[in-house]
Amino acid sequence: MSKKKAIVLVSGGMDSCVTAAVAAQNYEPCFLHVNYGQRTENREFKAFEDLCQAYGIKRKLVVDISYLKDIGGSSLTDDAIDVEEGELDRQGIPKTYVPFRNANILSIAASWAEVLEASAIFIGAVEEDGSGYPDCRRVFYDAFEAAIDAGTRPETKIKIETPLISLKKSDIVKLGKELGAPLELSWSCYKSEDEACGECDSCLLRLRGFKQAGYEDPIPYKKR
């Protein structure tokens with residue numbers, strides 16, 4: 001009996017890498033990657049392709065939504081806004097927040113899911129130990145799931161799965177190790193494409209997660 005299909009949003013980062021491993025346990029994962037004009041677009045795309053190969057993905061989709069760069073408002077897409085130095089205990093929403101990005105990506109995922117008759121969309125959002133983005137909260141995904149239900153065919157039922165939403169980064173590392181996720185292929189840095197900077201929020205959260213989990217992060221860093 002063939003597995004049900006699930007759309008897995010794969011940025012190429014550690015969280016999406018582990019989320020893919022979770023999805024692959026019970027579903028046939030179909031990988032979706034979105035280029036939106038981010039600073040490390042080329043390196044994230046390489047990570048996505050590497051992960052597709054590692055997971056033996058049969059169905060993948062790459063979509064360009066570089067209009068988010070034209071809209072701006074984020075240091076990830078606007079070269080005039082510097083990526084701020086990371087703070088592990090930051091209060092408030094950082095400059096790296098891309099306004100309503102995940103809603104744009106989920107809309108694409110929902111369209112593809114309906115065509116493939118997939119029953120779930122997996123996204124590696126982290127609320128508890130993340131960067132404080134408003135579109136990484138479970139309340140947002142519950143609302144978006146209701147919107148998908150209201151805006152698709154009556155027989156279409158798509159659940160938004162957020163398996164990492166309440167986990168700490170250290171627990172995500174441990175889960176990835178437990179499931180054999182190829183963390184060495186993932187890329188999380190907001191600024192650099194050759195060696196991870198080790199200074200942005202994403203690098204600091206990832207490095208702390210590996211350290212607290214008792215493992216060495218396998219990707220290269222300029223500064224650890």
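All values below were derived from every heavy atom in this structure, side-chain atoms included, with hydrogens, water molecules and symmetry-related copies excluded.
With S74 contributing its side chain and L76 its backbone, the two residues share a donor-acceptor pair below 3.5 Å. No donor-acceptor pair closer than 3.5 Å links the side chain of D82 to the backbone N or O of E84. Proximity of a side-chain donor or acceptor of K177 to a complementary backbone N or O of L183 within less than 3.5 Å is not detected. In terms of modelled atom types and a separation under 3.5 Å, the side chain of H33 and the main chain of V62 share no donor-acceptor contact.
A110 and I158 get closest at one heavy-atom pair: O-CD1, 4.0 Å.
In the model, Y190 has no side-chain atom that pairs as donor or acceptor with a side-chain atom of S75 under 3.5 Å. A donor atom on one side chain and an acceptor atom on the other are not found under 3.5 Å apart for Q38 and T77. In summary, the side chains of S192 and D194 do present a donor paired with an acceptor at a separation below 3.5 Å, with no hydrogens or angles considered. Between the side chains of R206 and S186, at least one donor N or O lies within less than 3.5 Å of an accepting N or O.
A salt bridge does not link K5 with E117: none of the charged nitrogens is closer than 4.0 Å to a carboxylate oxygen. For the pair E216 and K211, the salt-bridge criterion is not met [side-chain N within less than 4.0 Å of a carboxylate O]. Salt-bridge annotation for K46 and E193: absent, with no side-chain N of the basic residue lying under 4.0 Å from a carboxylate O of the acidic one. Using a cut-off of 4.0 Å between Lys/Arg side-chain N and Asp/Glu carboxylate O, K169 and D15 are scored as salt-bridged. A salt bridge does not link K222 to E199: none of the charged nitrogens lies less than 4.0 Å from a carboxylate oxygen.
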- Apply the test salt bridge (Lys or Arg N to Asp or Glu O under 4.0 Å) to residues D135 and R101: give CA-CA distance (whole Å), side-chain angles for both, the deciding distance (0.1 Å), then the verdict. CA-CA 8 Å; D135 58 354; R101 178 192 63 184; 5.1 Å; no
- Task: Would you check, one step at a time, whether the test side-chain contact (heavy atoms from CB on, under 4.5 Å) holds for L116 with C30?
- Result: CA-CA 9 Å; L116 294 184; C30 308; 4.0 Å; yes
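Note: the hydrophobic cluster containing W187 does not contain I105 (ILVMFWY, side chain heavy atoms under 4.5 Å, direct or indirect links). A continuous path of Ile, Leu, Val, Met, Phe, Trp and Tyr side chains, each step under 4.5 Å between heavy atoms, connects V18 with Y215, placing both in one hydrophobic cluster.
Seen from the ring of Y36, K69 does not count as a face-on cation partner, given the 6.0 Å and 45° thresholds.
To the nearest 0.5 Å, atom NZ of residue K174 and atom CG of residue L167 are 11.0 Å apart.
Between T162 and the choices E127, R138, R137, the side-chain hydrogen bond (donor to acceptor under 3.5 Å, both in side chains) rule is met once, by R138.
The local environment of CD in E85 is sparse, with at most 12 non-hydrogen atoms from other residues, nucleotides or ligands closer than 6.0 Å.
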